Each structure stands twice: as C-alpha cells, then as structure tokens.
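Report on one structure; see the data block that follows.
These figures come from a predicted structure and were not determined experimentally.
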Amino acid sequence: MTTPRRTLRRPLAPLAAPRAPVDPARIGRRVVRRRAKGMDAGAVAAALEDARFDARQDSRHEHLADDERGRAELAEWERIDQLLAVAAPDAVYDPDADPHVQEELAADAAAAAVREAELREAARVAARADELQALRELGTLEQAEPREGDEAARDELTRRAGSYVQKDVDAWLAHALAAHRGHYAEPTARAAAADLLPTHLLAHAALLTELAHLAPGAGVDQLAFAARLTTADPEATGDLAAFLASTRSGQG
C-alpha cells in the first residue's frame, strides 16, 4: 500500500485590505471643511468669492478645465455658505454639527464595514479551499463533512486551477448533496445549493439520489459511472434522474 505523499505548500499571504481609490472630489470637500471650521458667515462668503475667482481663472486654462477637485471645493463652499445663511447670526461652521457631513461619515463607515466583512469572508473561503486541497492531496476528501460555504470554496479551487472543473471536488459535493451529509442535512441548505452549484454537479447529485433508492447498499466506487455519465452529457443525466424520480413517485 502506497502512502500518499504530502505536498509542501507555501502558506498563503494574509489578504491585504484593498486600497481605496483616490477621490479628488472627496479630498476637495474635506479640505474646505477643515478651512471653514470656526468661520462665521462673513468669512465663508469671502472664501466663496475667492473660490469663484479661482474657478474663473482655471476655466481659462485647458488643462484645468476638468478639475474635479476644484469644482467640488467650490460646491462645498457654496453649500456651507447656504448653511450659515439660515443659521443664527453668530453661528460658526462646525463639521461635527453639519448633518450632511455626519450622513456622509455614516455612509463611509457602513461601506467600510461591508468591505471588511467581504475581506473576512474571502479569507475564510481561501482557508477552506486550502483545507480541501490538503484533503485531496492526502486522499481523504471523501471522508470530509461538507460545511456551509463549501460551494464558494469549490469556486475558489476552480479559479485557482484556471477555471478547470475540479472533478474530485465536484464528485465529493454531489455525493454529499445526495446523501444529505453535513450541512446538506438541512433542506434550506440543499435548496440554496441549487443556486450556488453548477448544473452538471446538481444533475450528478440528482442521479445519485435516485440510484440510492434503486440500490440502497451501493458504495461510492460502484456509483462512479454516474460521474462519467454527467461529464459526457449533463443534460441527459438530469433527464435520467428526473425520469427515475417520476417513475418512483408513480410506483408510490
């Protein structure tokens, strides 16, 4: 008996947080808010006039005609000027009390939380894909219990392989789905799998389900032909599974 050889694999580097793209308009608005902090209505009106003058000057130069940051700065001065125009006579601008700024900060925080959650999920999927790959190399994948999210781990393994179908992983998932193993014991998980797994894998699982009714004691090796049928013609395999299911229900 040959012992499966362990393959040394370099650990994946930690996923780095994606760098947010530079937003000139956002930079311009923040610069204006810092400058405007503590200004009264008169000071803001003067700053607005300066910004309008700069905009007129820039419009004369072709390379500055599409200055996104400059337009954003002018618009922000105008907004703050309008805000103070309806405020108390002695009011000064305070970004911390500006509802628009606070809404923007809240939206930024929510977007950052979404990005962080996506990053954590990507790391989890990558770790599970590493685990499944290790089980494949050890020849023990068939004994593994499927978990929630393994559909995404399958996609990750396929992506790493340059979009080639991972036949052993697909066969493992098809058998687990047909046998209701692991998290597939839950009907909701099986229903969700229909939207997460490719058609050929679902057809394989459906055929295995019907074959299990015809030959309850059949082992995985005895049903290996089901995978070959699926590879040759997934649509026909699905049709065969549906035919067997309808025949069985008719007999019931």
Side-chain angles (χ1 to χ4, degrees), residues 12 15 114 116-252:
L12 291 179
L15 292 175
V114 170
E116 180 64 24
E118 291 173 346
L119 192 63
R120 286 197 302 270
E121 176 62 12
R124 188 193 66 78
V125 169
R128 179 58 171 167
D130 286 345
E131 182 180 354
L132 294 179
Q133 180 61 40
L135 292 173
R136 294 168 74 181
E137 294 171 1
L138 293 170
T140 58
L141 179 60
E142 280 299 327
Q143 285 75 52
E145 288 292 310
R147 303 176 189 168
E148 182 178 358
D150 277 352
E151 298 88 359
R154 173 206 174 270
D155 292 343
E156 172 63 12
L157 287 170
T158 304
R159 183 193 65 79
R160 294 179 184 180
S163 296
Y164 288 105
V165 173
Q166 307 295 287
K167 294 182 180 179
D168 51 354
V169 175
D170 281 6
W172 168 65
L173 281 174
H175 279 277
L177 185 58
H180 299 181
R181 286 173 50 199
H183 83 296
Y184 289 136
E186 295 294 329
T188 53
R190 298 196 297 274
D195 294 324
L196 298 172
L197 294 172
T199 302
H200 73 269
L201 196 158
L202 296 172
H204 186 184
L207 180 57
L208 289 174
T209 298
E210 296 310 314
L211 292 174
H213 288 288
L214 290 174
V220 171
D221 292 342
Q222 293 175 286
L223 300 177
F225 67 88
R228 296 195 295 273
L229 287 175
T230 305
T231 300
D233 195 332
E235 185 175 355
T237 302
D239 291 342
L240 174 58
F243 172 75
L244 293 175
S246 64
T247 302
R248 178 165 56 86
S249 62
Q251 291 175 346

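Using a cut-off of 4.0 Å between Lys/Arg side-chain N and Asp/Glu carboxylate O, E131 and R147 are scored as salt-bridged.
Taking CG from L201 and CG from L196, the interatomic distance works out to 11.5 Å, rounded to the nearest 0.5 Å. The line from CG of L244 to CG of L211 is 6.5 Å long, rounded to the nearest 0.5 Å. Rounded to the nearest 0.5 angstrom, T237 OG1 and L207 CG are separated by 6.5 Å. Taking CZ of R124 as the reference point, atom CG of L119 lies at 13.0 Å (rounded to 0.5 Å). Put simply, CG on D233 and CG on D239 are 8.0 Å apart, with the number rounded to the nearest 0.5 Å.
The side-chain hydrogen bond (donor to acceptor under 3.5 Å, both in side chains) test with Q166 singles out one residue from R136, R154, Q133, and that residue is R136.
Not a single donor-acceptor pair under 3.5 Å links the side chain of E145 to the backbone N or O of Q143. With E137 contributing its side chain and A134 its backbone, the two residues share no donor-acceptor pair below 3.5 Å. When atom types are taken as modelled, the side chain of R128 and the backbone of A153 share no donor-acceptor pair closer than 3.5 angstrom. Between the side chain of W172 and the main chain of A144, a donor-acceptor pair closer than 3.5 Å is present. Between the side chain of R248 and the main chain of H213, no donor-acceptor pair closer than 3.5 Å is present.
Across every non-hydrogen atom of P234 and A203, the tightest pair is O-CB, 3.6 Å. Shown here for Y164 and A161, the closest heavy-atom pair between the two residues is CD1-O, 2.8 Å. Across every non-hydrogen atom of A178 and L208, the tightest pair is CB-CB, 3.7 Å. Minimum interatomic distance between L157 and A129 (heavy atoms only, all atoms of both residues): CD2-O, 3.6 Å. Between A194 and L202, the shortest heavy-atom contact is O-CD1, 3.6 Å. Counting all heavy atoms, side chain and backbone alike, A193 lies closest to Y184 at CB-CE2, 4.0 Å.
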*For side-chain hydrogen bond (donor to acceptor under 3.5 Å, both in side chains), just list the numbers for D170 and H200, CA-CA rounded to whole Å, side-chain angles, deciding distance to a tenth of an Å, and then say yes or no.*
CA-CA 9 Å; D170 281 6; H200 73 269; 2.8 Å; yes
Candidate pair L197 and L177, rule side chain to side chain contact (heavy atoms under 4.5 Å, CB included), full reasoning: CA-CA 11 Å; L197 294 172; L177 185 58; 4.3 Å; yes
_What verdict does the salt bridge (Lys or Arg N to Asp or Glu O under 4.0 Å) test give for E186 and R190, after you've listed the backbone C-alpha separation in whole Å, the side-chain angles of each residue and the deciding distance to 0.1 Å?_
CA-CA 7 Å; E186 295 294 329; R190 298 196 297 274; over 6 Å; no
Please list, one pair per line, the donor and acceptor atoms closer than 3.5 Å that link side chains of residues 223-232 to other protein atoms, with sequence neighbours excluded.
unit_1	atom_1	unit_2	atom_2	d
T230	OG1	A226	O	2.8
T231	OG1	A227	O	3.0

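Partners of E118 according to the side-chain hydrogen bond (donor to acceptor under 3.5 Å, both in side chains) rule, which considers only residues two or more places apart in sequence or in another chain, do not exist here. The salt bridge (charged side-chain N to carboxylate O under 4.0 Å, His left out) search around E156 returns R159, R160, not counting sequence neighbours.
Atom CD of E235 has 12 or fewer neighbouring heavy atoms from other residues, nucleotides or ligands inside a 6.0 Å radius. Within a 6.0 Å sphere centred on CD of E121, heavy atoms belonging to other residues, nucleotides or ligands number more than 12.
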